[in-house]
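Okay, structure first, notes after.
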There are 2 protein chains.
Amino acid sequence: MATISEVAERAGVSTATVSRALNGKDSVDPALAGRVLAAADELGYRPNGPARNLRKQETAVLALIISDVENPFFTAISRGVEDVAHDAGYSVVLCNSDDDPDKEREYVEVALQERVAGVLLSPAGRGDSAEKLRAHDTPVVAIDRPLPRSGGDTVLVDTRLAAREATLHLAEQGYRRLGCLTGPEGVPTADDRLAGYRDGLRAAGLDSGELVRRSDFKATGAAEAAHSLLAERQPPDAILVANNAMAVSVLAALDELGMRPGRDVGVVAFDDAPWTVLIDPPLSVVAQPAYDMGATAAQLLLGRIGGDHTETTVTTLSAHLVPRGSSRSG
Amino acid sequence: MATISEVAERAGVSTATVSRALNGKDSVDPALAGRVLAAADELGYRPNGPARNLRKQETAVLALIISDVENPFFTAISRGVEDVAHDAGYSVVLCNSDDDPDKEREYVEVALQERVAGVLLSPAGRGDSAEKLRAHDTPVVAIDRPLPRSGGDTVLVDTRLAAREATLHLAEQGYRRLGCLTGPEGVPTADDRLAGYRDGLRAAGLDSGELVRRSDFKATGAAEAAHSLLAERQPPDAILVANNAMAVSVLAALDELGMRPGRDVGVVAFDDAPWTVLIDPPLSVVAQPAYDMGATAAQLLLGRIGGDHTETTVTTLSAHLVPRGSSRSG
DNA sequence: TTGTATGCGTTATCAA
DNA sequence: TTGATAACGCATACAA
């Protein structure tokens with residue numbers, strides 16, 4: 001592939017002039033600039049990214065480390081990130097941690113090596129990924145989940161409050177034995193939603209004992225958990241489900257047991273999705289502003305990259321309950 | 001951030017030895033290697049990716065250019081790509097073209113500049129992105145859609161055949177006025193599914209006139225198209241829908257009109273999804289092996305990057321019809 | 001086995 | 001305004 005010196009030779013100027021012309025510096029004679037552009041075009045010249053990055057000691061790349069691109073929630077986040085990044089001339093490297101701290105560490109290493117401009121991280125566990133990044137002066141913004149030892153910019157949803165609200169909603173609708181299906185221990189959103197569920201129980205004056213199951217935030221694992229929950233000697237008459245994929249399993253389990261959402265068992269699930277209104281009755285959800293989270297986090301990160309050294313911020317966006325038929329008793 | 005020469009100084013050796021030790025060359029004294037590793041560790045040394053890439057004239061990065069990460073079909077592809085790439089030590093840069101040839105061109109430029117090792121491309125239109133890449137010796141594998149002027153490795157689904165099969169299935173179930181809702185003109189998958197639909201009509205001896213609508217492969221645009229289709233003077237009694245997002249709109253439209261899938265209007269949609277079995281009746285689908293497509297394409301691409309110069313291949317994976325209640329007449 | 005020296009392709013500094 | 005040159009950090013050819 002053509003290099004800058006080939007372009008220089010062809011245009012009959014120095015490499016310095018080529019560089020200036022190509023980067024649109026104004027201190028270059030229009031005639032020469034024209035010759036340079038023509039030569040570059042003829043040779044199909046493309047500036048060498050790595051060389052430029054090495055020289056400038058910076059790259060226009062962001063890393064986005066999330067647990068699963070197949071989860072529509074993270075997908076929406078990634079879309080928000082990508083749109084903002086793209087507008088600012090940045091590319092986004094997508095990394096699936098699968099909520100595995102080792103994989104997360106691995107990706108952080110790659111991010112460090114490649115000298116990415118910044119990292120958007122949805123921390124998998126109690127690891128120190130963020131500290132490691134900051135120790136090497138790589139800006140980090142935590143997204144969806146707080147950092148274990150905090151301190152960095154963070155974009156969250158008030159998920160505990162939303163879980164509390166959803167739980168109270170179920171209680172108000174007349175359900176009495178409220179269960180909860182949440183994600184793995186150690187994943188902040190999973191724990192927060194469980195905590196919010198307990199908040200709600202307390203506020204409603206209910207005590208279900210512990211009608212709680214954990215699963216991996218995915219449909220397959222959740223199927224077993226859902227069945228186990230419904231097989232309790234005194235099964236729940238309503239369930240708060242901590243994400244969308246698990247909700248599918250809960251609804252499938254209810255169907256297998258011949259139970260109807262809303263009438264037999266109230267259901268509220270986190271994350272809205274287009275299909276939730278197609279089922280009968282429609283699924284009540286806690287809608288999270290995923291796209292905005294991604295966009296906000298990306299903006300924040302770009303600000304830091306741009307040299308913003310003001311105090312770190314915690315942005316908490318609101319989730320809101322969308323009550324539908326699946327949580328309407330009777 | 002620490003450089004190789006700082007490590008060299010600390011370990012009391014030359015940079016060459018550090019480089020060799022860190023890259024696990026066997027021609028280095030174990031004692032020295034130990035000192036080097038220790039020094040690197042103490043300094044928190046991370047090799048500088050751009051410098052290494054520049055020197056080695058290669059990067060361990062793949063670009064994946066698809067139309068929309070929010071489409072579960074592409075999400076599954078990207079997962080397949082990522083898993084394979086990660087195992088081989090490669091990172092994946094995700095690019096949303098939004099089916100916009102200009103955006104695609106832009107991303108191709110970035111891929112070229114950054115000297116990515118290879119590109120996985122789901123071509124947006126009739127552009128020459130693939131040729132441009134190949135002209136600069138960047139391996140390309142087309143995925144889900146053939147390249148306009150072909151010639152490169154390609155991983156496809158026999159989508160036209162599948163559409164034909166789905167159409168015939170509807171005819172066999174007794175539906176007589178078959179409609180089709182497909183994607184934008186120029187997008188090969190959209191056109192192929194339409195062609196398959198026509199194949200099916202012909203094979204079944206039906207002629208619906210043209211009960212065809214096009215939309216943008218997304219839910220919002222499809223809503224209008226669905227309504228328009230159902231508002232025909234002689235509306236279809238069955239619809240083949242070219243993807244999952246549009247299916248949501250069709251089902252919603254039917255619901256609004258008080259029509260029941262299967263009984264009133266037969267529906268078959270491309271792409272399976274967890275929720276399709278939750279609705280009543282369950283949605284008949286054409287299931288595509290998206291994950292495998294991604295994995296296969298990535299493997300192919302890595303092969304080319306590794307120097308495989310055998311003839312280019314076209315891999316066609318099979319989609320299969322999953323008949324459910326929404327296409328069972330009466 | 002180790003060290004010295006060079007070059008990868010750019011940008012930026014300095015003189016002209 | 002332009003050009004010669006150095007430097008970014010690393011891997012390797014070559015010499016020792």
Side-chain angles (χ1 to χ4, degrees), chain A residues 1-37 39-40 43-61 89 109-110 112-117 136-138, chain B residues 1-37 39-40 43-61 89 109-110 112-117 136-138:
Chain A
M1 201 173 298
T3 72
I4 201 172
S5 33
E6 301 180 57
V7 176
E9 186 176 10
R10 192 174 176 80
V13 298
S14 74
T15 61
T17 298
V18 173
S19 176
R20 284 187 285 250
L22 260 30
N23 289 304
K25 307 280 184 205
D26 44 358
S27 67
V28 52
D29 186 285
L32 278 195
R35 289 224 312 271
V36 169
L37 255 51
L43 293 169
Y45 170 76
R46 302 281 185 296
N48 182 311
R52 161 180 284 172
N53 295 338
L54 172 59
R55 173 63 230 227
K56 301 184 71 167
Q57 299 283 59
E58 68 183 43
T59 62
V61 176
E109 282 304 321
V110 173
L112 243 20
Q113 291 206 10
E114 294 307 319
R115 305 297 196 263
V116 300
H136 290 84
D137 295 317
T138 301
Chain B
M1 204 173 299
T3 72
I4 201 173
S5 32
E6 301 180 56
V7 176
E9 187 176 10
R10 193 172 217 317
V13 299
S14 73
T15 61
T17 299
V18 173
S19 176
R20 284 187 283 251
L22 259 31
N23 289 305
K25 306 281 186 205
D26 44 358
S27 68
V28 52
D29 187 286
L32 279 194
R35 289 225 310 272
V36 169
L37 255 51
L43 293 170
Y45 170 76
R46 301 282 184 295
N48 182 309
R52 162 181 280 171
N53 294 340
L54 172 58
R55 171 64 229 232
K56 300 185 72 168
Q57 298 283 57
E58 67 183 43
T59 62
V61 176
E109 281 306 321
V110 174
L112 243 20
Q113 290 208 9
E114 294 306 320
R115 305 296 197 263
V116 300
H136 290 84
D137 293 318
T138 302

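Residue numbers start from 1 in every chain, and the chains themselves are labelled A, B, ... in the order their sequence lines are given, proteins ahead of strands. Values below: all heavy atoms of this structure, side chains included; hydrogens, waters and symmetry mates excluded.
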- Item | Gap between atom CG of B/N23 and atom CZ of B/R52 - 0.5 Å precision | 5.0 Å
- Message: With rounding to the nearest 0.5 angstrom, report the CD1 to CG distance, A/I4 to A/L22.
- Response: 6.5 Å
- Task: Using atom CD of A/E6 as one end and atom P of C/dC8 as the other, report the distance to the nearest whole Å.
- Result: 11 Å
- Round to a whole Å and report the spacing from CG of A/L54 to C1' of C/dA12. 13 Å
- Message: Measure NZ/B/K56 against P/C/dG9 and give the value in whole Å, please.
- Response: 16 Å
- Task: Mind calculating the distance between CZ (B/R20) and P (C/dT4) to the nearest angstrom?
- Result: 11 Å
- Residue closer to the 5' end of DNA chain C, A/K25 versus B/P30 (nearest nucleotide): B/P30
- Double-helix bend of the helix from C/dT1-D/dA16 to C/dA16-D/dT1, axes at both ends from 5 pairs, round to 10°, gives 40°
- Touch class at under 4.0 angstrom, heavy-atom based, for A/R115 against every strand present: nothing
- Query: Could you state the CD1-P distance from A/I4 to C/dC8, rounded to the nearest angstrom?
  - Reply: 14 Å
- Item | Donor-acceptor pair (no angle test) under 3.5 Å: B/R55 side chain, C/dG9 base | no
- Note on the structure: In whole angstroms, the gap separating C1' of C/dT2 from CG of B/L32 amounts to 8 Å
- Nearest-nucleotide check on DNA chain C, B/D26 vs A/M1; residue mapping nearer the 5' end is B/D26
- Query: Which heavy-atom pair separates A/T59 from A/A117 by the least distance, and what is that distance?
  - Reply: O-CB, 3.2 Å
- Tell me, please, the opening and closing nucleotides of DNA chain D, 5' to 3', among those with an atom under 4.0 angstrom from a non-hydrogen atom of chain A. D/dT1 to D/dG9
- Query: Starting at CG of A/L22 and ending at C1' of C/dA12, how long is that distance when rounded to a whole Å?
  - Reply: 16 Å
- Query: What pair of heavy atoms forms the shortest contact from B/R115 to A/P47, and how long is it?
  - Reply: NH1-O, 3.2 Å
- Query: Within the structure shown, what part of the strands sits under 4.0 Å from A/T3 by heavy-atom distance: base, sugar-phosphate, or nothing?
  - Reply: sugar-phosphate
- Message: Within this structure, what is the CG-CD distance for the pair A/N53 and A/E58, rounded to the nearest 0.5 Å?
- Response: 8.0 Å
- How close or far is atom C1' of C/dC8 from atom CG of B/N48, stated in whole angstroms? 13 Å
- Task: Would you sort out whether A/E114 and A/V61 count as a side chain to side chain contact (heavy atoms under 4.5 Å, CB included), showing the intermediate values?
- Result: CA-CA 9 Å; A/E114 294 307 319; A/V61 176; over 6 Å; no
- Query: What nucleic acid atoms does A/P50 come within less than 4.0 Å of, heavy atoms only: base, sugar-phosphate, or nothing?
  - Reply: nothing
- Worked check of side chain to side chain contact (heavy atoms under 4.5 Å, CB included) between A/Q57 and B/N48: CA-CA 10 Å; A/Q57 299 283 59; B/N48 182 309; 4.3 Å; yes
- Item | Sugar-phosphate only, base, or nothing, as touched by B/N23 at under 4.0 Å among non-hydrogen atoms | sugar-phosphate
- Between A/D29 and A/A31, which heavy-atom pair has the shortest distance, and what is it? OD1-N, 2.8 Å
- Message: Just N and O in the side chain of A/R52: are any of them under 4.0 Å from OP1 or OP2 of C/dG9?
- Response: no
- Task: Kindly state each residue pair satisfying salt bridge (charged side-chain N to carboxylate O under 4.0 Å, His left out) with at least one member in residues 9-23 of chain B, sequence neighbours excluded.
- Result: B/R10-B/E42
- What's the shortest heavy-atom distance between A/V13 and A/R35, and which atoms? CG1-NH2, 3.9 Å
